[in-house]
Amino acid sequence: MIVCKKPCTVYDVDLAGLSALTVLGLLTYFAVVVPMRMHWNSYRDLSARQHSSETAVRQTGNQLRRVEADVTRLQAAIVTLARQAPQPGSLPQFLSRATVLAEGTQLEVFQVIPHATRAVDECLVADIEMSGRGHSLDFIRFLDALARENSYQSLRQFSITRREQSDDGLCDLSWTIRLHMLPLDFAGHTEGQL
Amino acid sequence: MSASVNLVPLDCLHARVRSRRRNAWTLLTLGAGVFVLSVWLVSGTASNAVKRAGQRLGEAQTRQTDLNRELANTTAARAALIDQLRLLSGLQREQPWARRLAVLAADIPPGVVLTQVTADVRAPRSTANAEPLAPPARPAPAAQRDAGAAVAARRQSQPLTVQLSGVAVDHDELAGLIETLRCIEGWGQVELTRAARRPFLNGLAVAFQLQCESREATP
């Protein structure tokens, strides 16, 4: 069937073919192009997020490795320091050592009074009162020897009194040393160890 | 010269042209259909690619969450270790007294005799409120950090009081002693609390009492 003759002859099959192609074009646009465009946008978005996420993972991994290295170093330092530091039960040993040092520097020790161990500022301390007699320079030597041997003690009080009636330079001495010890719960210590 | 006459009827001619066009349109439509179908099938793989990208993103996010958790735990462990290290370092004390007394003994003016030297740490509030030995309870890391800072602050602000008594030949010698004490590291404040002439041996001497204070670490 001829639909129109001028300017060119158009048959009914031409109209049908054009209609079929138009339908096919519309179908292609809505069924293929639009979803493809959506997929492409999603893919681009996901790829960008994945890239940034992987970068973040790498950075976090590096940070974690640094912190782990810090932890390893700290653990090693703590083990070393904890081995050197006085333990809660080391007061008798310190008393004995302080007395030996005092006698080794020509001081005559009359009295040693250890006080009860107590907790101060998260660590344990024990005060030791000592009294004796000797030359002031020997007392300085004793303090020096004690400081060199044990840096975990501090001098809380001392008194050097020169005797009035003495020509030999002897002094009455009294001093209090505080020993600083690890707390009971440090590095797995238990209460029963003191 | 020749003459030709087309004897095929016009309807037959139109029918032939129409038939050719129908075949052409059919082929074209079929070709386009096949093309669209193949593109549609390919778009299915694009959907799979998006799905795979989503899965990879999910895995990366899960890994990130795990790493963040691990990092938080490790950081907390590091903070606890730093507190322990601070505690351990805090146990060690400066030992200035042997050096100070040695300097004092070496630099004391020749006309001065010290009869008594006493030093005492004024009891700070923390010591006065020292807790009795109680069952240990590990405080939270933040509290430990605060406590560590407080301990450091208290250690630095503990005042020492040193008293020196003795006799000097005259006031110049006494002034020399005060100057010597001021030069000793850590004894910034030197105060003369008492000075009086009194008989000494066969003459007169200046009996004095000095008080020094410093604000440094525990002796």
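What you see below is based on every heavy atom in this structure, not just the backbone, and it leaves out hydrogens, waters and symmetry mates. Bear in mind the structure is a predicted one, so any value in this text is a computation, not a measurement. Letters A, B, ... mirror the listed sequences (proteins, then strands); counts begin at 1.
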Do you see a donor-acceptor pair shorter than 3.5 Å between the side chains of B:Gln95 and A:Gln153? yes
Indicate whether the side chain of B:Thr74 and that of A:Glu68 have a donor and an acceptor atom separated by less than 3.5 Å.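 The criterion, which ignores hydrogens and geometry beyond distance, is not satisfied for A:Glu68 and B:Thr74.
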Do the non-hydrogen side-chain atoms of [X] and [Y] ever get within less than 4.5 Å of each other?
X	Y	answer
B:Val113	A:Arg162	yes
A:Asp14	B:Arg21	yes
A:Phe158	B:Asp120	no
B:Arg93	A:Ser151	no
B:Leu81	A:Val71	yes
B:Arg22	A:Tyr11	no
B:Ile82	A:Leu74	yes
B:Trp25	A:Leu18	yes

For [X], is it the side chain, the backbone, both or neither that has a heavy atom under 4.5 Å from a heavy atom of chain B?
X	value
A:Ala56	both
A:Asp45	neither
A:Val10	backbone

Any idea which heavy atoms bring [X] and [Y] closest together, and the distance?
X	Y	value
A:His39	B:Ser43	ND1-O, 4.0 Å
A:Ala85	B:Leu88	CB-CD2, 4.1 Å
B:Leu87	A:Cys123	CD1-CB, 4.2 Å

Using the rule given for side-chain hydrogen bond (donor to acceptor under 3.5 Å, both in side chains), can you reason through A:Thr60 versus B:Gln64, listing the C-alpha separation, both sets of side-chain angles and the distance that settles it, and then say yes or no? CA-CA 8 Å; A:Thr60 311; B:Gln64 177 72 35; 2.9 Å; yes
Does atom [atom1] of [X] have more than 12 heavy-atom neighbours from other groups under 6.0 Å away?
X	atom1	value
A:His115	NE2	yes
A:Gln84	CD	yes
A:Phe110	CZ	yes

Pick from B:Thr75, B:Leu85, B:Thr29 with the largest number of heavy-atom pairs that fall under 4.5 Å of chain A: B:Leu85
Given the options B:Ala53, B:Ala60, B:Ala102, B:Ser47, which has more heavy-atom pairs under 4.5 Å with chain A than any of the others? B:Ser47
Measuring heavy-atom distances to chain A, does [X] have an atom under 4.5 Å in its side chain, in its backbone, in both, or in neither?
X	value
B:Asp11	neither
B:Ala105	side chain
B:Leu114	backbone

Run B:Leu67 and A:Val57 through side chain to side chain contact (heavy atoms under 4.5 Å, CB included) and show every step you take. CA-CA 7 Å; B:Leu67 278 173; A:Val57 164; 3.6 Å; yes
As an exercise: rank [options] by heavy-atom pairs under 4.5 Å with chain B and give me the winner.
options	answer
A:Trp175, A:Tyr43, A:Tyr152	A:Tyr152
A:Leu64, A:Thr28, A:Thr9	A:Leu64
A:Leu46, A:Leu137, A:Ile140	A:Ile140
A:Asp144, A:Leu81, A:Ile78, A:Val125	A:Ile78
A:Gln63, A:Arg148, A:Glu54	A:Gln63

Enter the distance from [X]:[atom1] to [Y]:[atom2] here, rounded to the nearest 0.5 Å.
X	Y	atom1	atom2	answer
B:Gln116	A:Asp172	CD	CG	9.5 Å
A:His51	B:Arg56	NE2	CZ	12.5 Å
B:Trp97	A:Leu143	CH2	CG	10.0 Å
A:Leu21	B:Leu28	CG	CG	5.0 Å
A:Asn62	B:Leu71	CG	CG	11.0 Å
A:Ser42	B:Lys51	OG	NZ	12.5 Å

Can you tell me if A:Gln50 uses its side chain to pair, donor with acceptor, with the backbone of B:Gln61 under 3.5 Å?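 The answer is no, because no donor-acceptor pair under 3.5 Å joins these two groups.
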Salt bridge or not between B:Arg18 and A:Asp12? Use side-chain N to carboxylate O under 4.0 Å. yes
Before you tell me yes or no, could you show the steps for A:Ser159 and B:Val117 under side chain to side chain contact (heavy atoms under 4.5 Å, CB included), namely the whole-Å CA-CA distance, both residues' side-chain angles and the distance that decides it to 0.1 Å? CA-CA 6 Å; A:Ser159 168; B:Val117 180; over 6 Å; no
